[in-house]
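The structure appears below as structure tokens.
Predicted model only: the values in this text are computed from it and were never measured. Sequence lines set the chain letters: A, B, ... in the order given, protein chains first and strands last, and positions in each chain run from 1.
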2 protein chains.
Amino acid sequence: MSIDTPEQIVPQAPTLEMVAHEAGVSRATVSRVVNGSTAVTPQVTAVVNAAIEKLNYVPNRAARSLASRRTNVIALIVPEQTSIVFSDPFFAAVIQGVAVYLNDTDYTLNLLIASETSSDKTRRYLLGGNVDGALVVSHHSGDHSYTRLGQKLPIVFGGRPLTPELDDSYFVDVDNVAAARSATEHLISLGRTRIATVAGPQDMPPGVDRLRGWREAMDAAGLTDDLVEIGGFSPASGADAMGRLLDRDPSIDAIFFANDQMAAGAYPVLRERGLSIPQDIAVAGFDDDPLGTALSPTLTTVHQPSSELGAGMAAALVRLIAKEEIERATIMPTSLVVRESSKAPLR
Amino acid sequence: MSIDTPEQIVPQAPTLEMVAHEAGVSRATVSRVVNGSTAVTPQVTAVVNAAIEKLNYVPNRAARSLASRRTNVIALIVPEQTSIVFSDPFFAAVIQGVAVYLNDTDYTLNLLIASETSSDKTRRYLLGGNVDGALVVSHHSGDHSYTRLGQKLPIVFGGRPLTPELDDSYFVDVDNVAAARSATEHLISLGRTRIATVAGPQDMPPGVDRLRGWREAMDAAGLTDDLVEIGGFSPASGADAMGRLLDRDPSIDAIFFANDQMAAGAYPVLRERGLSIPQDIAVAGFDDDPLGTALSPTLTTVHQPSSELGAGMAAALVRLIAKEEIERATIMPTSLVVRESSKAPLR
DNA sequence: ATGAAAGCGCTAACAT
DNA sequence: ATGTTAGCGCTTTCAT
């Protein structure tokens with residue numbers, strides 16, 4: 001080696017073969033130890049582990065996968081349409097839940113943004129035997145367009161499908177109806193009677209379900225359920241809907257928004273009209289968006305266990321891959337977070 | 001096959017071998033076509049492609065990786081400390097930028113949440129030859145603790161290192177100093193003279209740099225630069241700092257926050273003290289957090305090209321892996337977004 | 001309980 | 001320009 005030739009640091013990763021040699025056993029035995037087979041003497045196991053430690057051995061995923069015909073890879077598919085509104089922290093939390101959960105398993109997470117144009121490529125990739133299963137976060141949409149893949153590959157969705165009867169996919173979700181109902185009951189318990197709602201798009205399960213929950217609570221309390229406007233889950237749409245509602249009935253004394261973004265958009269409208277929150281009008285949202293605590297007054301909302309949803313999806317998929325029997329639907333609990341926007345009795 | 005035994009659908013993925021057979025050529029030739037080698041007759045290429053199409057062939061990553069000794073996998077490391085504050089949409093956007101960019105390459109994205117406890121496991125994994133390179137998003141921290149890995153594996157960081165002189169890593173970032181300077185100059189251009197700032201932690205590059213930018217602008221304009229308080233990038237810390245500043249000098253007529261979260265936290269404080277934005281006090285933040293448009297008045301801020309930062313990181317890494325020469329630092333442009341919170345001249 | 005040996009599906013010299 | 005032939009590092013029967 002001359003002075004001019006910088007030493008080529010070839011980080012030649014140690015192979016199972018080398019470990020076997022070091023430990024004085026066969027490759028098969030090392031493999032057994034690595035994979036936690038019980039059929040190995042404690043003594044031998046110890047020797048092998050020592051060798052592994054000494055050589056700093058890490059199994060080569062590709063080789064393992066090729067030989068075992070398992071990839072140990074789980075795809076996390078984020079439809080692009082969804083990801084463009086990646087600004088929604090709900091997603092980030094779900095993804096985080098997935099990633100953290102998988103960290104403690106042998107699975108590796110493969111994040112995939114599936115654009116319309118590449119959806120075919122995505123399907124091929126998924127069916128090409130490159131992953132053991134897939135997770136689809138379709139958020140509010142309920143779009144289970146990957147459903148048919150479910151017959152060839154284990155798949156778990158986030159959110160219930162749009163048309164349950166035509167769908168036999170697995171999914172993890174919250175009970176939007178019950179959650180909306182409880183938020184509305186909370187407003188009712190404040191003594192409010194003119195309670196409105198801004199629902200989400202009626203072609204998305206959460207849009208439908210949260211409206212239904214509101215209606216159930218109103219009906220049960222014997223209140224009229226006609227103060228409804230449809231929004232698009234965005235702040236601007238919330239502002240618009242709020243304006244329309246107040247035009248219809250200026251005496252509204254409480255309102256439930258299908259998500260926090262719309263509630264936030266409505267805040268300035270309320271202020272412009274000289275209505276104070278919560279004295280004149282109590283407000284509740286949905287999602288427990290972090291921005292709810294930045295608003296003034298802070299926003300009462302329904303908390304969704306977002307990262308737990310992610311973890312739940314991952315857990316379900318892992319069991320599915322292991323061919324365990326699991327429920328088609330996994331429902332996670334929500335909780336009402338009461339903040340300043342609903343903290344005063346009717347004046 | 002009896003009626004009781006459901007047909008076992010074995011989605012036996014077609015192999016290169018099968019394609020070769022179908023096309024009547026050797027496996028090597030198919031491999032050449034698949035990998036875009038020029039040394040194949042157009043005719044043969046066509047035949048092979050037809051066979052691929054017909055059989056719906058998708059290369060097996062594991063086999064390919066094993067044989068080529070390339071993994072075509074890029075790890076995206078999100079330190080847990082960071083991800084817990086995953087509520088910051090900045091991240092989601094960066095990650096999205098990375099994912100979308102890689103979608104058009106042959107690389108696959110491996111998302112890794114590296115907790116303190118598993119950082120050793122993470123290191124081993126990275127060095128075990130399971131990825132071709134890694135991306136580290138350390139956001140505001142500037143923590144380049146994976147720097148040493150950079151000698152064994154191509155790595156690109158998000159954000160400049162804390163101690164540039166001790167660091168020889170590659171990174172992608174924005175010019176925080178210049179951006180903060182321009183935001184401050186904007187406030188100065190409004191005719192304001194008592195301009196304060198709430199800086200970020202001084203052990204994080206953005207904390208240091210944004211304060212420096214503010215100071216440079218103040219000094220250049222001949223204004224005193226003593227109205228400084230340090231916050232922690234959270235809404236609560238912004239509120240606290242705002243209070244301290246107003247206690248020190250109630251005549252403050254403009255303020256620059258090192259991020260939008262802190263500015264949002266300060267809004268209620270200002271309102272409580274009877275100061276109106278922007279008439280009494282003009283406000284500017286940093287990050288272009290979506291919440292800035294939900295605030296009332298909407299918040300003037302510095303926009304960072306978050307998803308472009310992600311794409312830039314991915315692009316740099318891909319070039320690094322290809323052993324191309326690249327600059328250690330890639331600096332992306334920011335832009336000032338003027339909104340209502342700074343839209344009035346001094347009254 | 002351990003070892004021997006045959007691949008897993010592909011790439012990359014090397015031949016031709 | 002195309003084919004032949006070794007492996008890549010590991011798992012997994014099948015023996016022993």
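- If you check C:dA12, D:dC10, C:dC10 against the side chain of B:Ser68, the one that comes closest is C:dA12.
- Of the side-chain N and O atoms in A:Arg70, one or more sit less than 4.0 angstrom from OP1 or OP2 of D:dT12.
- Applying the 6.0 Å contact sphere to CG of A:Asn56 captures more than 12 heavy atoms from other residues, nucleotides or ligands.
- Listed by chain and number, the residues in a ring pair (Phe, Tyr, Trp, His ring centres under 6.0 Å) with A:Phe171 amount to none (sequence neighbours excluded).
- Remark: A:Arg64 is in phosphate contact with D:dT11, judged by side-chain N or O atoms under 4.0 Å from OP1 or OP2.
- Proximity of A:Arg69 to the phosphate of C:dG9: a side-chain N or O atom is located under 4.0 Å from OP1 or OP2.
- If B:Val44 and A:Leu16 are placed on DNA chain D by their nearest nucleotide, the residue sitting closer to the 5' end is B:Val44.
- Whole-Å rounding puts the B:Glu17 CD to D:dG3 P distance at 13 Å.
- By the 6.0 Å contact criterion, CD on B:Glu53 is open, its count of non-hydrogen atoms from other residues, nucleotides or ligands being 12 or less.
- For the contact set between residues 19-41 of chain A and DNA chain C, defined by any heavy atom under 4.0 Å, the members are A:Val25, A:Ser26, A:Arg27, A:Ala28, A:Thr29, A:Arg32, A:Ala39, A:Val40, A:Thr41.
- The distance between atom CG of B:Leu66 and atom P of C:dG9, rounded to the nearest whole Å, is 12 Å.
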With a cut-off of 3.5 Å and sequence neighbours excluded, list every side-chain donor-acceptor pair involving residues 20-36 of chain B.
unit_1	atom_1	unit_2	atom_2	d
B:Glu22	OE2	B:Lys54	NZ	2.9
B:Ser26	OG	B:Ala28	N	3.4
B:Ser26	OG	B:Thr29	N	3.3
B:Ser26	OG	B:Thr29	OG1	3.3
B:Ser31	OG	B:Asn35	ND2	3.3
B:Asn35	OD1	B:Arg64	NH1	3.3
B:Asn35	ND2	B:Ser31	O	2.7

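- Within a 6.0 Å radius of CZ in B:Arg148, no more than 12 heavy atoms belonging to other residues, nucleotides or ligands are found.
- In this structure, B:Asn72 atom CG and C:dC10 atom C1' are separated by 13 Å, rounded to whole Å.
- When the shell of 6.0 Å around CG of B:Asp106 is examined, it contains 12 or fewer heavy atoms from other residues, nucleotides or ligands.
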